Each structure stands twice: as C-alpha cells, then as structure tokens.
Amino acid sequence: MTDRYAVFGHPVAHSRSPYIHAAFARQTGQDMAYEAILAPWDGFAAALAAFVAAGGCGANVTVPFKEEAHQIASRLTGRAERAGAVNTLRMEADGLLGDNTDGAGLVADLTHNLDYPLDGKRILLLGAGGAARGVMAPLLDQHPAALVIANRTVDRAQALADAFGGCVVACAYTEADDSFDLIINATSASLAGELPPISPRCFGSHTLAYDMMYGQFTPFMHLAREHGAVTADGLGMLVEQAAEAFFVWRGIRPDTAPVIAALRA
Ligand code: ATR
C-alpha cells in the first residue's frame, strides 16, 4: 500500500512541499503520496489524529502549528527540543516522534549549495520569533566567531540569547552597525513587503545577505544588494529541510539540486 504523508498548515495551499516530496519520491523510487492538509486554526490536533488513524506515516508541520506539534509529539529529537518547535513528525508504534529539520536545511543550503562555511564567521540574525529560534542551535554547531540577534522587541532577542548562552549577543537594530559576514533575515517582515530597520553599515562586499523567504527579491535583499552584499533567498533552505524530513521518514537522502533548479525555473 502507498505510504501517506502530508503537510499541515493554515494557510497551506501555497505550500511547495507536495511538489518537492513528489519529486524526491520519483527520484528515489519510493512508493509514497504527499498531500497538503488545511487544518482549522483550533483544529490541528484533531486533523493530525484523523490522519494518523487513517494510516498516515509522517507529516510536515508549518505555520502556525509548529509549537503545537512540539507539545503533541510523544518524543522529541534533540534538535526539536532546542528549536522549541516541530516541523517533521514520524508516526511510530509507540507514538509520534517530533523533529525539526529547518536549521539543518538552512545550514545545508549555506554550506553545501552556497559553498559558504560558517566556522569563524560573524553572523547577524534578524528576528527573535520561531523562525529565528529554530535555526540558532544548528548555526552555533557550525562554530561561528559570533552570533548576534537583532530584534525590534529587544527583550525577545535577549530571552533567545539567554536561552542559548555562550557567544550569543542580543541587541536593538540601532546597536548593530558593524559589518557582518552573514546576515540572515528570520523576521516575518518580508511577508508583508517590509524591511527590518537594519543599518546599511551592517553590509559590506564580503557580506552574504540571506532571506529565509523565497520566491521574491525582498526589500531586505534590495538593501543588501545596494550596499554591495551578495544575496540569497530561502528556496534552497526549503528544499533542504524537506530532504532532511524525507531522510527521517525513508532513510534515503534525495538529490536536492535538480529539485531546486526545477523550482527556480
Ligand atoms: P515566526 O514564527 O515566523 O518567527 P513570529 O514568532 O511572529 O513568527 O516572529 C516574527 C518576527 O519577525 C519577530 O522577530 C518580529 O519582531 P518583534 O518580535 O519585534 O515583533 C519580526 N518582525 C515582524 N515584522 C517586522 C518588521 N516589519 N520589522 C522588523 N521585524 C519584524
């Protein structure tokens, strides 16, 4: 019988995950189906339970259900625990395993696809919400020289920095005015066509400006380009986090390059 997988979100119609996982399944010869399921705002747990009862083998979870999935999972991987959120669930005999592949997806896109090693780099992370939190530990695992979090609400940045300790520093946008090697936009500003109030002094010709959003040349990328930085969007991260989830479910690593190329085309 074909194994069933799904992505749960609200909204979810825009999700590229069904396309990506269908491509991975074809490429690796896996007998699986993958659909998008729109769960009501207050109905994620029930929708997931129905999917499990119908024999679903695994799921991806997207906005706004990642924190709820973290609570629902019977067991968490270390990276899901540290992220405080779950984007990948695997149905097991004794319950749901909750994992988080977002940070691994970002790191794979940076280090592998963009050939940008992170050790010794000065990183500025914009935002202190779920998206930022989800990538902190995998970034720190790469041994950057510094990880600075800037956020509109400084208390939130401070709380996130405190949770990770070590070389993480929190600041207001006005305090971040030195150039960085890598600047990652993990705010939701781009979704609204807005620009986080970052100083142009943060960019230099050596800077890689990475927006986690994909499919658009965002105001953040415009500003970065204007000030000499190289830019990247989050499409590679999207495909890499999917590949990592595919590996969690099927034990096979698909080749991401042709899927990224097809989505760009
Ligand atoms: P997500 O789970 O996508 O991270 P979130 O938890 O709501 O969503 O967090 C959104 C992040 O984007 C926050 O860091 C938010 O800043 P505040 O904590 O100060 O609210 C940031 N954000 C959203 N719109 C922004 C904007 N126009 N400029 C700067 N930061 C913005």
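As the structure lists them, so they are numbered: ligands from 1, and atoms in each ligand from 1. In this chain, numbering begins with 1 at the start of the sequence shown. Because the structure is predicted, anything quoted here is derived from the model rather than measured.
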Just which atoms of ligand 1 are under 4.0 Å from any heavy atom in [X]?
X    : answer
G127 : 14 (O)
A131 : 1 (P), 2 (O), 4 (O)
E194 : 26 (C), 27 (N)
T153 : 17 (P), 18 (O), 19 (O), 20 (O)

>> Looking at R133 and E67, is there a salt bridge between them, counting it only when a charged N and a carboxylate O are closer than 4.0 Å?
In response: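 No, no charged N to carboxylate O under 4.0 Å.
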
>> Among A132, S188, G134, A192, which one puts a heavy atom closest to atom 11 (C) of ligand 1?
In response: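 Answer by nearest heavy atom: S188.
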
[X] and [Y]: side chain donor to acceptor below 3.5 Å:
X    : Y    : value
N185 : T218 : no
N60  : Y34  : yes
D177 : S199 : no

>> Are any of the N/O atoms on P196, whether in the backbone or the side chain, positioned under 3.5 angstrom from an N/O atom of ligand 1?
In response: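 Such a contact does not occur with ligand 1.
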
> Which one of Q241, R253, M32 satisfies the side-chain contact (heavy atoms from CB on, under 4.5 Å) criterion with F246?
Replying inline: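 When Q241, R253, M32 are each tested with F246, the side-chain contact (heavy atoms from CB on, under 4.5 Å) holds only for M32.
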
>> Can you report which non-hydrogen protein atom sits closest to atom 16 (O) of ligand 1, along with the distance?
In response: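 Going atom by atom, the protein heavy atom closest to atom 16 (O) of ligand 1 ends up being N151 OD1, 3.2 Å.
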
> Does F180 belong to the same Ile/Leu/Val/Met/Phe/Trp/Tyr cluster as Y210, with side-chain heavy atoms less than 4.5 Å apart forming each link?
Replying inline: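 Not linked; separate clusters.
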
